[in-house]
Amino acid sequence: MRIIFMGTPDFAVPVLESLITKHTVIAVYTQPPRPAGKGYHLTPSPVHQKAESLGIPVYTPKSLKNEEEQKKFAALNADAAVVCAYGLILPPAVLNAPQKGCINIHASLLPRWRGAAPVQRAVEAGDSESGVTIMQMDIGLDTGDMLLKKSCPITPETTGESLHDALSVLGAELILKALEENPQPQPQPAQGVTYAEKIQKDESLLDWNCSADQLAHKIMAFYSYPATFSFYHGERVKILKAHATPLSTDQAPGTILDSNLHIACGNGTVLQIDFLQRAGKKALSTADFMQSAFLKIGEKFCATN
RNA sequence: CGCGGGGUAGAGCAGUCCGGUAGCUUGCCAGGCUCAUAACCUGGAGGUCGUGAGGUUCAAAUCCCACCCCCGCAA
């Protein structure tokens with residue numbers, strides 16, 4: 001089939017790679033290059049870079065709301081458009097242009113976690129499974145009829161990053177299957193709808209009054225990006241990985257209980273930090289980190305500097 | 001030219017301002033002791049101090065120059 005691919009971040013790259021093995025990708029739509037990285041240089045998106053290296057024409061409109069872009073899109077005369085974490089809203093004129101419409105790869109088991117950050121929200125909520133849904137796009141936010149679905153377990157070791165990578169691969173497989181098998185579209189259930197809000201910057205700051213379970217979920221969900229953090233003697237420390245323990249304590253939340261970095265949390269629960277990083281330093285395991293005398297037992301992490 | 005921190009033993013760091021024997025903690029090896037709450041004692045191995053037959057100097061981890069790499073913020 002002649003396919004237009006629309007995607008932007010790393011997550012979408014395996015999907016593009018997968019598509020070109022069975023189909024003709026006639027154009028790639030992606031977000032315009034943005035300033036990024038230490039030098040603040042304009043950086044093309046991961047999908048942009050991959051498409052260029054594959055010699056596929058790349059389009060980077062700021063919006064698809066104007067008629068001119070919509071005509072350009074329609075003129076490509078595609079059989080279908082595959083959309084994966086593109087980052088722009090598709091107006092009806094675009095949704096209806098390809099013969100088979102626009103097909104979306106969404107990183108959750110819909111209708112749970114519609115929206116921007118389904119991967120992190122699933123881990124943060126402590127879900128025991130996540131997955132990928134292939135759906136026929138309609139005007140709503142991730143409300144289209146479902147074509148295929150496949151689940152993937154979430155364990156205490158699952159991070160936002162590891163789930164992201166797993167679902168990315170899963171999505172790349174499923175989209176081929178969907179295009180090949182033409183499954184019957186099924187409406188999403190009305191029950192069980194939740195929305196995955198975009199991750200806000202201030203969410204990364206840990207509140208030690210939460211339970212160890214909640215904190216562990218959030219810490220793992222936010223790894224490796226944007227990563228959670230706390231303050232210790234005014235210095236910013238990223239808490240990268242942790243797990244809840246069955247222990248309990250009467251120490252104040254945030255207190256460092258021992259050299260294994262057991263930390264007192266809300267309601268006397270205890271969290272163990274496994275992986276952390278000082279500002280400007282490398283990320284270290286707890287064992288390595290504690291070789292320096294930086295953190296002292298009995299002192300505490302704070303939510304402010 | 002967005003702002004900033006860093007590269008010294010396997011790991012984590014001090015030393016750099018103010019040049020003068022390469023230090024600390026931990027890990028590792030050997031021996032001792034016989035121990036809970038990071039066990040302890042003694043001994044030992046282990047380093048081109050990111051790179052440059054660079055510059056300055058009697059002397060450079062330290063001062064100057066160029067380059068490479070890692071990371072925090074911000075996006």
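In the text below, chain A, chain B and the rest are named by the order of the sequence lines, each starting its count at 1.
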Can A/T245 and A/Q272 be counted as having a side-chain donor-acceptor contact under 3.5 angstrom?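 There is no such pair between these side chains.
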
[atom1] of [X] versus [atom2] of [N]: gap in Å, rounded?
X      : N      : atom1 : atom2 : result
A/R278 : B/rG12 : CZ    : P     : 13 Å
A/K296 : B/rU25 : NZ    : P     : 16 Å
A/F289 : B/rU26 : CZ    : P     : 18 Å
A/I256 : B/rA38 : CD1   : P     : 15 Å
A/D288 : B/rU25 : CG    : P     : 18 Å
A/I297 : B/rU37 : CD1   : P     : 12 Å
A/F294 : B/rC24 : CZ    : C1'   : 18 Å
A/M290 : B/rC24 : CE    : C1'   : 17 Å

Give me the distance, rounded to whole Å, that separates [N] from [M] when you measure between the [atom1] atoms they each carry.
N      : M      : atom1 : result
B/rG7  : B/rG12 : P     : 11 Å
B/rG27 : B/rC69 : P     : 35 Å
B/rC17 : B/rC63 : C1'   : 11 Å
B/rG50 : B/rG6  : P     : 13 Å
B/rG52 : B/rU8  : P     : 15 Å
B/rA45 : B/rC64 : C1'   : 37 Å
B/rC24 : B/rC35 : C1'   : 26 Å
B/rA22 : B/rA61 : C1'   : 9 Å

Does B/rG12 have its OP1 or OP2 closer than 4.0 Å to a side-chain nitrogen or oxygen of A/K282?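 It does, given that an N or O in the side chain of A/K282 lies less than 4.0 Å from OP1 or OP2 of B/rG12.
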
Under a 3.5 Å cut-off for both contacts, is [N] paired Watson-Crick or G-U wobble with anything, and if yes, with which nucleotide?
N      : answer
B/rA53 : none
B/rG72 : B/rC3
B/rG10 : B/rU26
B/rG31 : B/rC41

Of all residues at least two apart in sequence or in a different chain, which pass the side chain to side chain donor-acceptor pair (under 3.5 Å) check with [X]?
X      : value
A/S292 : none
A/E235 : A/R278
A/R112 : A/D127

Tell me, which pairs form a side chain to side chain donor-acceptor pair (under 3.5 Å) where one or both residues lie in residues 32-42 of chain A, sequence neighbours left out?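 As it turns out, the side chain to side chain donor-acceptor pair (under 3.5 Å) pairs with a partner in residues 32-42 of chain A, which skip direct neighbours, are A/Q31-A/R34.
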
Quiz: residues 86-100 of chain A side-chain donor-acceptor pairs under 3.5 angstrom, not counting sequence neighbours:
residue	atom	partner	partner atom	Å
A/N96	ND2	A/P92	O	3.1
A/K100	NZ	A/N182	OD1	3.2

Reported CZ-to-NE2 distance for the pair A/F231 and A/H233, which is rounded to 0.5 angstrom: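 These two atoms lie 14.0 Å from each other.
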
Nearest nucleotide by nearest heavy atom, which residue falls closer to the 5' end of RNA chain B, A/L284 or A/L295?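 The answer here is A/L284.
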
Among A/T60, A/T30, A/T8, find the one that has a side-chain hydrogen bond (donor to acceptor under 3.5 Å, both in side chains) with A/S45.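 Of the listed options, the one satisfying the test is A/T30.
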
Side chain of A/Q277, heavy atoms from C-beta onward: which of B/rG12, B/rA11, B/rG72 has the nearest atom to it?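 From the listed options, B/rG72 comes nearest.
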
List, with names and distances, any nitrogen or oxygen atoms from the protein found under 3.5 Å away from nitrogen or oxygen atoms belonging to nucleotides 73-75 of chain B.
residue	atom	partner	partner atom	Å
B/rA74	OP1	A/K201	NZ	3.1
B/rA74	O2'	A/Y40	OH	3.2
B/rA75	O2'	A/P35	O	3.1
B/rA75	N6	A/Y225	OH	3.4

